[in-house]
Amino acid sequence: MRRIAHLDMDAFFASVELLRYPQLKGLPVVIGGGRRSVDDLLLRRFADRPVSQIPVDAFPLLRDYVGRGVITTATYPARQFGVGSAMGMMKAARLCPQAIVLPVDFDEVRRYSRSFKSVIREIAPVVEDRGVDEVYIDFTEVPGGQREGGRVLARLIQKSIFEATGLTCSIGVAPNKLIAKMASEFNKPNGISIVHEADVQAKIWPLPVRKINGIGPKSEEKLHKLHLHTIGDIAAQSREWLVDNFGQAYGAWMHDAAWGRDDRPVVTESEPVSMSRETTFDRDLHAVRDRAELGAIFTDLCTRVAEDLRRKGYVGRTIGIKLRYDDFRTATRDQTLDHYTADPGTIRRAAGQCLKRVDLDQRLRLLGVRVGKLAKADAVPATAPEAPAAPPLAAEHTPDLFHGTQAARDAG
DNA sequence: TCTGGGGTCCTAGGACCC
DNA sequence: TCTGGGGTCCTAGGACCC
């Protein structure tokens, strides 16, 4: 009998911060925002004492937050005010102005991520990564993995993670990934939930459709229009009806999902498909009026993707850009080269070509650069960047960007 | 008050080749 | 002069997830 666990760290980003600032325990704290944070200032101001001694009233509050951005994680006390992840900072500030705001410390989060995952792998080796704070674990072949439906092993993992990191997690164990994912939410935080095949009707069917991993806001809205609100409502429809309304692949999948059927394996290894860097500006920028600023950001994005590729040992063939207009519409353009590259100049030139194919009259709020069709750098025949060599990546050397004049282009 | 940054996968049309 | 399918690759957009 297959036994699959889904493990989800409780309020991971916030919990990592609480380890550093235990004085914030029990308070509403939100993580997110980024650049505008006062965190560094705080540390400098109280450089004379351990961070755990910084007084609570010295921390920055959500009510004082200025800028764009969304909440990455909210502590449970903050959630009581209706604040949750993916919520805009400004909206969160209205709901809970007294919440403390801290920026994401990616290095620290990654460190704890590696740490809790290695604890799990020592106990149960078949682990699938689902981002920094989540994994699927195959209990089926683990000695003792079937005892009490997986509860015994789940408890051991929970305890081992807590002892190694001081962090809590919630675990769902079920016949497959789909149900395990839903089950891990049943007893949050620091909970375990065991679901068997026979429980689907009682425990899964009453849930709202949105709880199915794969049904998002758009599908939820469409389901609601069809008067389907619970997973049981979907299960009550015929496969044919769902296919007629949602298409062959999605409709059939939805039917299976509602009946708790899912035979996807736990995948322990995977290769990246693309790497990208993007940034939302502090204020909307215009291609002509803010040309220099945009040019510098663009160059920086190209440089950073190139660094990411090199650091991880990949090259790519498809170079693309993404931009978001002030009205939140998104446009993408990409171009496939005849050779693989990780060279910042090559990426910059190809991305620059893409930029010329998109409307730049409207103000922009976001710019991104993506490299796709990746291959391992050592698995691909080495190709020199085509002559002439890539120009240096200074803004003044790339006058073709953002409505550069033809004369400037010729000069470049 | 809008709405981050990093991804994956799917769809659909057109090019191009056999 | 009209009429094929099938397969693969490229591109743009969009849904969804963490």
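First the proteins, then the strands, lettered A, B, ... as listed; each starts at 1.
Of all nucleotides listed (B:dG4, C:dC10, B:dG7), C:dC10 comes nearest to the side chain of A:Thr336. Closest to the side chain of A:Met275, out of B:dG7, B:dT3, B:dG5, is B:dG7. Taking every side-chain heavy atom of A:Arg317 into account, C:dC10 is the closest of C:dC16, C:dC10, B:dT8. Counting only heavy atoms from C-beta on, A:Arg333 has its side chain closest to C:dG13 among C:dG13, B:dG7, B:dG5. Of the candidates C:dC16, C:dC10, B:dT3, C:dC10 carries the atom nearest the A:Lys373 side chain, counting heavy atoms from C-beta on. Checking C:dC18, C:dG13, B:dG6 against every side-chain atom of A:Ser276, the shortest atom distance belongs to B:dG6. For A:Arg210, the listed nucleotide lying nearest its side chain is C:dC17; candidates were B:dT11, C:dA12, C:dC17. For A:Gln335, the side-chain atoms get nearest to C:dT11 when compared with the rest of C:dC18, C:dT11, B:dT11. Side-chain proximity of A:Arg68 to C:dA12, B:dG5, B:dT3: nearest is B:dT3. The nucleotide whose nearest atom lies closest to any side-chain atom of A:Asp133 is, among B:dG4, C:dC18, C:dT11, C:dC18.
Residue contacts for A:Ala331: at a heavy-atom cut-off of 4.0 Å it reaches the sugar-phosphate backbone alone, with no base atom in range. Within 4.0 Å of A:Ile212, counting heavy atoms only, lie sugar-phosphate atoms of the nucleic acid but no base atom. Counting any heavy atom pair closer than 4.0 Å across all strands shown, A:Lys222 reaches no nucleic acid atom. Counting any heavy atom pair closer than 4.0 Å across all strands shown, A:Glu278 reaches a base atom. As judged by a 4.0 angstrom heavy-atom cut-off over every strand, A:Arg357 is placed among residues touching the sugar-phosphate backbone only. A:Val273 comes within contact range of the sugar-phosphate backbone alone, with a heavy-atom separation under 4.0 Å but no base atom that close. Across all strands, A:Ile71 comes closer than 4.0 Å to no nucleic acid atom at all (heavy-atom distances). Across all strands shown, A:Ala92 has no heavy atoms under 4.0 Å from either base or sugar-phosphate atoms. At the heavy-atom level, A:Ser219 lies under 4.0 Å from the strands shown only through sugar-phosphate atoms. Using a 4.0 Å heavy-atom cutoff across all strands shown, A:Lys91 reaches at least one base atom of the nucleic acid.
The separation between A:Gln248 atom CD and B:dC10 atom C1' is 14 Å, rounded to whole Å. With rounding to whole Å, A:Phe13 atom CZ is found 14 Å from B:dG5 atom P. If you take CZ of A:Arg363 and C1' of B:dC2, they are 16 Å apart, rounded to a whole angstrom. Nucleotide C:dC18 holds its C1' atom 12 Å from the NZ atom of A:Lys188, rounded to whole Å. The interatomic distance linking A:Asp334 (CG) with C:dC9 (P) rounds to 15 Å, in whole Å. Straight-line distance from the CG atom of A:Asn213 to the P atom of B:dC9: 14 Å, rounded to whole Å. Rounded to a whole Å, the CZ atom of A:Arg311 is 13 Å from the C1' atom of B:dG6. Atoms CZ (A:Phe328) and P (C:dG13) sit 16 Å apart, rounded to a whole Å.
Phosphate contact (OP1/OP2 of B:dG4, side-chain N/O of A:Thr279, threshold under 4.0 Å): absent. Of the side-chain N and O atoms in A:Thr318, none sit less than 4.0 angstrom from OP1 or OP2 of C:dC10. Between A:Arg365 and B:dT3, a side-chain N or O to OP1/OP2 separation shorter than 4.0 Å is present. The phosphate of B:dG4 has neither OP1 nor OP2 within less than 4.0 Å of any side-chain N or O from A:Lys322. Checking the phosphate oxygens (OP1, OP2) of C:dG13, a side-chain nitrogen or oxygen of A:Thr332 falls inside 4.0 Å.
Pairing for C:dC16 is with B:dG7, a Watson-Crick or G-U wobble pair whose two hydrogen-bonding atom distances lie under 3.5 Å.
Between the A:Tyr314 side chain and the A:Pro272 main chain, no donor and acceptor come within less than 3.5 Å of each other. Under the 3.5 Å distance criterion, the side-chain polar atoms of A:Ser15 are matched with a main-chain donor or acceptor of A:Asp10. Judged purely by atom type and a 3.5 angstrom limit, A:Asn176 has no side-chain atom pairing as donor or acceptor with the backbone of A:Asp263. Side-chain atoms of A:Lys222 come within 3.5 Å of backbone atoms of A:Asn245 as a donor-acceptor pair (strictly under, hydrogens ignored).
One P atom belongs to C:dC17, the other to B:dC2, and the distance between them is 27 Å to the nearest Å.
Remark: the A:Asp300 side chain and the A:Thr303 side chain contain no N/O donor-acceptor pair separated by less than 3.5 Å. A donor atom on one side chain and an acceptor atom on the other are found under 3.5 Å apart for A:His6 and A:Glu134.
Note that CD1 of A:Ile71 is 11.0 Å distant from NZ of A:Lys91, once rounded to the nearest 0.5 Å.
In this structure, A:Arg283 fails the cation-pi test against A:Phe281, since its NZ or CZ atom is not both closer than 6.0 Å to the six-membered ring centre and inside 45 degrees of the ring normal.
Annotated as syn: B:dC2, whose glycosidic dihedral is within 90° of 0.
When each of A:Ala249 and A:Arg277 is assigned the nucleotide of DNA chain B bearing its nearest heavy atom, the one mapping closer to the 5' terminus is A:Arg277. Two residues, A:Tyr250 and A:Ser274, neighbour DNA chain B, and the one matched to the more 5' nucleotide by heavy-atom proximity is A:Ser274.
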